[in-house]
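Down below is the structure, laid out as structure tokens.
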Amino acid sequence: PPTPTQRPIWTAARLGDALEEVAIRLIDFVSVVLGPGPGGVKQGNTACISPSLDRPLRHRRPMATLTETHVDLDTSRGIMRVHVFAPVAAGPVPAVIFYSEIFQATGPIRRMAAALAGEGYLVAVPEVYHEFEAPGTVLAYDQAGSDRGNELKYAKELASYDEDVDVVVTWLRGHESCTGRIASFGVCLGGHLALRAGYHPGISAVAAFYPTDVHSATLGAGKSDDTLKRIADLEASLLFVWGRQDPHIPKEGREQIHRALEETGADFEWHEFNAAHAFLRDEGPRYNPALARVCMSLLVRFLGEQIG
């Protein structure tokens with residue numbers, strides 16, 4: 001018969017981790033299906049395409065206290081401020097470049113970044129409109145802020161978006177608290193930027209949450225990007241999260257992206273929920289806290305599998 005050393009996977013600690021993960025997902029699933037969402041609207045009918053479960057479970061990293069600072073990095077188009085959320089850890093940890101919505105580093109973005117850092121990741125949040133706005137600028141969640149954010153989204157050159165990725169990756173690789181394993185993560189505009197960042201050789205994994213303008217190829221100056229066209233060249237593992245009621249990425253657009261991933265044999269997983277655009281943002285009527293918990297659990301699990 002096999003000896004205990006030949007069967008190391010299901011130790012008591014690993015079984016405990018697995019049961020904890022199942023319990024978390026069950027609670028969140030029940031709250032989504034049975035509990036009323038914002039405004040009394042019942043949520044349900046969650047569709048998922050998930051990876052196989054034959055990967056070894058990782059031990060859950062203890063929740064960490066954190067520090068919050070910023071650094072101003074040089075680019076060819078001026079200074080780029082990067083907000084840094086760092087766990088207080090005994091040694092180096094993996095890093096995540098977190099790309100924001102069109103409003104830059106707002107309160108909800110900072111809270112998501114802090115929560116992710118609390119899971120044991122060095123989180124860098126770059127200000128994507130640094131060549132247009134002064135360091136520290138945050139656009140308001142109102143019509144004026146939305147108009148300005150959308151204006152700059154299409155004014156910024158693709159080459160500038162891509163240069164920003166390289167600048168942040170280079171800085172993280174030289175950071176004493178980083179293991180050198182780096183993922184990109186983003187929401188809305190940031191979801192597209194996270195996906196585009198995946199073409200950088202320093203990015204091992206991409207988490208794109210309701211990424212805009214991918215299906216229409218309209219990111220950047222001239223509204224003609226090549227993000228989806230190049231998808232066959234992307235080697236990073238991918239996690240996609242979508243809202244079915246998101247008017248910015250209609251069903252046909254999601255199907256277009258999914259079809260391209262399937263045709264190129266990409267390493268990806270795909271999750272759709274009955275939710276509006278920006279349902280992770282913890283301000284405003286579109287916020288869905290139950291789904292936000294589910295999706296952050298998906299994100300933390302994905303990062304743990306891909307970068308540690």
Side-chain angles (χ1 to χ4, degrees), residues 24-48 63 66 68 83 85 96 98-119 121 123 125 127-128 138-150 153 185-195 207-214 239-251 253-254 270-303:
I24 290 172
R25 295 194 190 189
L26 180 59
I27 291 170
D28 286 333
F29 175 77
V30 170
S31 67
V32 169
V33 174
L34 300 182
V41 179
K42 185 175 181 180
Q43 308 293 332
N45 299 327
T46 299
C48 303
M63 292 294 288
L66 58 96
E68 179 182 342
H83 302 270
F85 300 78
V96 178
F98 179 19
Y99 290 99
S100 70
E101 313 159 295
I102 60 173
F103 306 98
Q104 300 208 116
T106 61
I109 293 296
R110 302 178 83 90
R111 287 188 286 276
M112 279 193 281
L116 194 53
E119 295 285 351
Y121 295 99
V123 182
V125 183
E127 294 185 354
V128 295
V138 176
L139 302 179
Y141 286 129
D142 58 19
Q143 191 60 54
S146 179
D147 290 345
R148 180 60 172 165
N150 281 310
K153 175 174 69 170
F185 162 53
V187 293
C188 188
L189 162 68
H192 191 150
L193 298 184
L195 179 59
F209 283 38
Y210 37 88
T212 53
D213 303 308
V214 176
L239 166 66
F240 287 95
V241 170
W242 311 91
R244 284 203 188 99
Q245 287 73 47
D246 187 341
H248 301 288
I249 312 113
K251 180 176 182 288
R254 299 194 305 273
W270 185 279
H271 304 268
E272 291 189 4
F273 299 94
N274 282 341
H277 186 70
F279 66 88
L280 264 69
R281 184 199 299 161
D282 65 357
E283 291 183 13
R286 289 177 286 183
Y287 178 48
N288 188 317
L291 288 183
R293 290 195 302 272
V294 171
C295 292
M296 292 307 290
S297 177
L298 289 171
L299 175 64
V300 172
R301 187 267 309 156
F302 174 75
L303 294 174

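Everything quoted here is computed from the prediction, not taken from an experiment.
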* **Salt-bridge present (Lys153, Glu101; N to O < 4.0 Å)** => no
* To do: Work out which heavy atom in Ile249 is nearest to a heavy atom in His277; give both atom names and the distance.
  => CD1-ND1, 4.4 Å
* Asked: With distance as the sole test, does His83 use its side chain to make a donor-acceptor pair with the main-chain N or O of Val125 at under 3.5 Å?
  -> no
* Please name the pair of heavy atoms, one in Gln104 and one in Val128, separated by the smallest distance, quoted to 0.1 Å. => OE1-N, 3.2 Å
* Interatomic distance, Asp147 atom CG to Ile102 atom CD1 [nearest 0.5 angstrom] -> 8.5 Å
* For side-chain contact (heavy atoms from CB on, under 4.5 Å), just list the numbers for Leu239 and His271, CA-CA rounded to whole Å, side-chain angles, deciding distance to a tenth of an Å, and then say yes or no. => CA-CA 8 Å; Leu239 166 66; His271 304 268; 3.5 Å; yes
* **Non-hydrogen side-chain atoms of Tyr287 and Leu280 separated by less than 4.5 Å** => no
* Asked: Run the side-chain contact (heavy atoms from CB on, under 4.5 Å) check on Glu272 and Lys251 step by step: do they pass?
  -> CA-CA 11 Å; Glu272 291 189 4; Lys251 180 176 182 288; over 6 Å; no
* To do: Measure the shortest side-chain to side-chain distance between Met112 and Leu116 over non-hydrogen atoms and say whether it is less than 4.5 angstrom.
  => no
* Asked: Hey, does Leu189 have a side-chain heavy atom less than 4.5 Å from the side chain of Tyr99?
  -> no
* Asked: After noting the C-alpha distance and the side-chain angles of Tyr210 and Phe279, does the key distance pass the ring pair (Phe, Tyr, Trp, His ring centres under 6.0 Å) rule?
  -> CA-CA 9 Å; Tyr210 37 88; Phe279 66 88; 5.5 Å; yes
* Less than 4.5 Å apart, any side-chain heavy atom of Pro211 and any of Leu195? -> no
* Parallel, tilted or perpendicular, as decided by the 30° and 60° cut-offs, for the rings of Phe98 and Phe185 -> parallel
* **Side chain proximity check, Phe273 to Cys295, heavy atoms < 4.5 angstrom** => yes
* Structure fact -> In short, Gly191 meets Ala208 closest at the heavy-atom pair O-CB, 3.5 Å
* To do: Mind listing the closest non-hydrogen atom pair of Ala275 and Gln245 along with its distance?
  => N-OE1, 2.8 Å
* To do: Show your reasoning for whether side-chain contact (heavy atoms from CB on, under 4.5 Å) applies to Val187 and Ser100.
  => CA-CA 6 Å; Val187 293; Ser100 70; 5.8 Å; no
* What heavy-atom pair brings Gly118 and Leu66 nearest, and what distance separates the two atoms? -> N-CD2, 4.1 Å
* Report the distance from atom CE of Met296 to atom CG of Leu303, rounding to the nearest 0.5 Å. => 8.5 Å
* Give a yes or no on whether a salt bridge exists between Arg254 and Asp246, defined as a side-chain N under 4.0 angstrom from a carboxylate O. => no
* Quick one: closest heavy-atom pair of Ala207 and Ala194, and the distance? => O-CB, 3.9 Å
* side-chain contact (heavy atoms from CB on, under 4.5 Å) assessment of Phe85 paired with Tyr121 -> CA-CA 8 Å; Phe85 300 78; Tyr121 295 99; over 6 Å; no
* Asked: In terms of the angle between their ring planes, are Tyr141 and Phe103 parallel, tilted or perpendicular, with boundaries placed at 30° and 60°?
  -> perpendicular
